[in-house]
Peer 1: 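I am attaching a structure below and will ask some questions about it afterwards.
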Amino acid sequence: METFGARLHRAVAERGPLCVGIDPHPGLLADWGLPDDVEGLERFSRTVVEAIGDRVAVVKPQSAFFERFGARGVGVLESTIRQLRNAGALVLLDVKRGDIGSTVRAYASAYLDPSSPLYVDAVTASPYLGVGSLAPMFELAAAHGGGVFVLALTSNPEGAAVQRAVAADGRTVAQTVIDEISQLNRGAEPLGSIGLVVGATIGETGHDLGAVNGPLLAPGLGAQGGTPAGLRAVFGAALPSVLPSYSREVLGAGPDQEALRAATERVLAECRAALTTA
């Protein structure tokens, strides 16, 4: 069975270092001239998949924007996941789940078990009940070739109070998360399957990402202020492991599919240049 890290490594080599989010929030639906209902949600998601699903290495639906419509919205999410798989994209579901015991195991089953209708290649997860609390998620990911992206250093202002707090051993909480994930990925080739989420807008942090040996998802590029050229300041020597992530910068070009493709090609070219020459 091929690991998620290996699939991601190949997808980036074939399609380029880019993740595009599907974030159908009310403002974007309105900008596209779509109603803020399930029909608008379905048309939005289908348009994005048809435009870029066969061009991007990773597509990241934001689960909350589907869940807000209840069962019918989750049905659209299930359909979107299937469409993305058929288009050859890896699907990273942005759910940021984090819990303990049987509950985190149930979350893992929902997203990382191939028998689930919500089965995806990888999910985002929160470690702030302790990295060890996510062990059932890591285990199921390993059993089925899935991946998990663990929040480490996020760009929201509230995150610093927890993530940059200093533990008794002198490391920040974020650095302890980074170090534990590094241990999980030790020896994996060509890339570990447990990644980290590090915001593209946070600048130089003083944290050591050099031993992670897993993918580093960098959200916040484009409309949120991050730039490909600024990635070196955040990631330093770990830059080759970065997976840049855009949402509004690309989605704002819709609903015209050619415009969505053009926006995707533009940001991909910028990311290639930054990750190659920085």
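Quick note: numbers below take in every heavy atom, side chains included, and nothing from hydrogens, waters or symmetry partners.
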Peer 1: Between atom CZ of Arg171 and atom CG of Asp208, what is the distance when rounded to the nearest 0.5 Å?
Peer 2: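 Between atom CZ of Arg171 and atom CG of Asp208 there are 11.0 Å.
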Peer 1: Might you point out which heavy atoms bring Ala11 and Ala57 nearest each other, and give the distance in Å?
Peer 2: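 Nearest pair, atom of Ala11 first, then Ala57: O-CB, 3.7 Å.
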Peer 1: Between Gly53 and Ala89, what is the shortest heavy-atom contact and its length?
Peer 2: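 For Gly53 versus Ala89, the nearest heavy atoms are O-CB, 3.5 Å.
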Peer 1: With side chain to side chain contact (heavy atoms under 4.5 Å, CB included) as the test, would you mind laying out the steps for Gln163 and Tyr128 before giving the verdict?
Peer 2: CA-CA 9 Å; Gln163 297 160 16; Tyr128 294 109; 3.1 Å; yes
Peer 1: Of all the heavy-atom pairs spanning Ala218 and Val242, show the shortest one and how long it is.
Peer 2: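 Nearest heavy atoms, Ala218 then Val242: CB-CG1, 3.9 Å.
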Peer 1: Is there side-chain contact between Gln224 and Glu249, with at least one heavy-atom pair below 4.5 Å?
Peer 2: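 A side-chain contact under 4.5 Å is absent here.
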Peer 1: Quickly, which of Val74, Asp94, Val95 forms a side chain to side chain contact (heavy atoms under 4.5 Å, CB included) with Ser63? Name it, please.
Peer 2: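 Only one of Val74, Asp94, Val95 forms a side chain to side chain contact (heavy atoms under 4.5 Å, CB included) with Ser63, namely Val95.
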Peer 1: Sequence neighbours left out, cut at 3.5 Å: what donor-acceptor pairs do the side chains of residues 135-153 make with other protein atoms?
Peer 2:
none

Peer 1: Counting only N and O atoms by type, is there a donor-acceptor contact under 3.5 Å from the side chain of Arg7 to the main-chain atoms of Glu2?
Peer 2: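 Here the side-chain-to-backbone pair exists.
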Peer 1: Donor-acceptor pair, distance only, cut-off 3.5 Å: does the side chain of Asp23 make one with the backbone of His25?
Peer 2: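 Looks like no, no N/O pair under 3.5 Å.
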Peer 1: Would you mind checking if Glu39 and Arg43 are paired as a salt bridge, meaning a charged N to carboxylate O distance below 4.0 Å?
Peer 2: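 No, this pair does not count.
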Peer 1: Let me see the working for Leu77 and Leu118 under side chain to side chain contact (heavy atoms under 4.5 Å, CB included), right down to the final yes or no.
Peer 2: CA-CA 8 Å; Leu77 177 58; Leu118 286 168; 3.8 Å; yes
Peer 1: Do Val56 and Thr264 have side chains that get closer than 4.5 Å, going by heavy atoms?
Peer 2: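 Val56 reaches Thr264 side chain to side chain.
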Peer 1: Nearest 0.5 Å, please: how far is CD in Gln257 from CZ in Arg261?
Peer 2: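 That separation rounds to 5.0 Å.
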Peer 1: Would a hydrophobic clustering, with Ile, Leu, Val, Met, Phe, Trp and Tyr connected at side-chain separations under 4.5 Å, put Leu184 with Val212?
Peer 2: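 Yes, one cluster joins them.
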Peer 1: For Ser193 and Gly5, indicate whether the former's side chain and the latter's backbone hold a donor-acceptor pair under 3.5 Å.
Peer 2: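 Yes, Ser193 side chain to Gly5 backbone: donor-acceptor pair under 3.5 Å.
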Peer 1: Are any non-hydrogen side-chain atoms of Ser133 and Val104 less than 4.5 angstrom apart?
Peer 2: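 Contact flag for Ser133/Val104 side chains = no.
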Peer 1: Is there a side-chain contact between Val76 and Val38, using heavy atoms and a 4.5 Å cut-off?
Peer 2: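 Sidechains of Val38 and Val76: in contact.
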Peer 1: Quick check: do Tyr246 and Leu18 have side-chain heavy atoms less than 4.5 Å from each other?
Peer 2: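 Of all side-chain heavy-atom pairs linking Leu18 with Tyr246, at least one is under 4.5 Å.
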Peer 1: CG/Asp37 to CG/Leu29 distance, rounded to the nearest 0.5 angstrom?
Peer 2: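 Reported to 0.5 Å precision, the distance equals 8.5 Å.
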Peer 1: Apply the test side chain to side chain contact (heavy atoms under 4.5 Å, CB included) to residues Val123 and Tyr107: give CA-CA distance (whole Å), side-chain angles for both, the deciding distance (0.1 Å), then the verdict.
Peer 2: CA-CA 10 Å; Val123 294; Tyr107 281 135; over 6 Å; no
Peer 1: Between Ser116 and Ala110 (side chain of the first, backbone of the second, donor and acceptor by atom type, cut-off under 3.5 Å), is there such a pair?
Peer 2: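 Present.
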Peer 1: Do you reckon Leu34 sits in the same ILVMFWY cluster as Phe65, going by side-chain contacts under 4.5 Å, direct or chained?
Peer 2: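 No, Leu34 and Phe65 fall in different hydrophobic clusters.
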Peer 1: I would like to know whether Lys96 and Gln62 meet side chain to side chain contact (heavy atoms under 4.5 Å, CB included); could you show each step before the answer?
Peer 2: CA-CA 10 Å; Lys96 299 184 179 71; Gln62 168 48 258; 3.9 Å; yes
Peer 1: Once rounded to the nearest 0.5 Å, what's the spacing between atom CD1 of Ile202 and atom NE2 of His207?
Peer 2: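 Taking CD1 in Ile202 and NE2 in His207, the distance rounds to 8.0 Å.
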Peer 1: Which heavy atom in Gly220 sits nearest to a heavy atom in Ala200, and how many Å separate them?
Peer 2: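 Taking Gly220 first and Ala200 second, the nearest heavy atoms are C-CB, 4.3 Å.
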Peer 1: Where is the tightest heavy-atom contact between Ser247 and Gly21, given as atom of each residue plus distance?
Peer 2: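 Minimum heavy-atom contact is OG-CA, 3.5 Å.
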Peer 1: Checking Trp32 side chain against Gly40 main chain: does a donor-acceptor pair fall under 3.5 Å?
Peer 2: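 The answer is no, because no donor-acceptor pair under 3.5 Å joins these two groups.
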Peer 1: I'd like to know if Asp36 pairs up with Arg68 as an ion pair, taking the criterion as any Lys NZ or Arg NE/NH1/NH2 lying under 4.0 Å from an Asp or Glu carboxylate oxygen.
Peer 2: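 Salt bridge present between Asp36 and Arg68.
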Peer 1: Taking the side chain as everything from C-beta on, heavy atoms only, tell me whether Arg72 gets closer than 4.5 Å to Glu42.
Peer 2: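 No, too far: nothing below the 4.5 Å cut-off.
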Peer 1: Under the criterion side chain to side chain contact (heavy atoms under 4.5 Å, CB included), which of Val120, Leu217, Val59 is the partner of Leu92?
Peer 2: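 That would be Leu217; it is the only one of Val120, Leu217, Val59 passing the side chain to side chain contact (heavy atoms under 4.5 Å, CB included) with Leu92.
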Peer 1: For Ile100, I'd like to know if atom CD1 has over 12 heavy atoms of other residues, nucleotides or ligands within 6.0 Å.
Peer 2: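 Counting other residues, nucleotides and ligands, CD1 of Ile100 stays at 12 neighbours or fewer.
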Peer 1: Within the 4.5 Å heavy-atom criterion, are Tyr119 and Val91 side-chain neighbours or not?
Peer 2: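 No, every pair of side-chain atoms sits at 4.5 Å or beyond.
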Peer 1: Assess, by modelled atom type and distance only, whether the side chains of Asp179 and Gln183 contain a donor and an acceptor separated by less than 3.5 Å.
Peer 2: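 Not at all, the side chains of Asp179 and Gln183 share no donor-acceptor pair under 3.5 Å.
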Peer 1: Has the side chain of Asn213 got a donor or acceptor atom that lies under 3.5 Å from a matching backbone atom of Arg186?
Peer 2: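 Pair absent, no side-chain N/O of Asn213 close to backbone of Arg186.
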Peer 1: Do Ser79 and Gln83 have side-chain atoms, one donor and one acceptor, less than 3.5 Å apart?
Peer 2: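 Note: Ser79 and Gln83 side chains meet the donor-acceptor criterion.
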Peer 1: So, taking the atom named CG in Leu41 and the one named CZ in Arg46, what distance separates them when rounded to the nearest 0.5 Å?
Peer 2: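 Reported to 0.5 Å precision, the distance equals 11.0 Å.
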Peer 1: Looking only at heavy atoms, which two atoms of Pro255 and Thr47 are closest? And how far apart?
Peer 2: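 Smallest heavy-atom distance, with atoms named: O-CG2, 3.5 Å.
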Peer 1: I'd like to know if the side chain of Asp54 reaches the main chain of Ala87, judged simply by a donor and an acceptor atom lying under 3.5 Å from each other, with no hydrogens or angles considered.
Peer 2: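 A pair under 3.5 Å: no.
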Peer 1: Does Gln175 reach the side chain of Ile178, with side-chain heavy atoms less than 4.5 Å apart?
Peer 2: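 Yes, close enough: below the 4.5 Å cut-off.
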Peer 1: In Å and rounded to the nearest 0.5 Å, what is the CG to CG distance from Leu231 to Leu216?
Peer 2: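 One finds 10.5 Å between CG of Leu231 and CG of Leu216.
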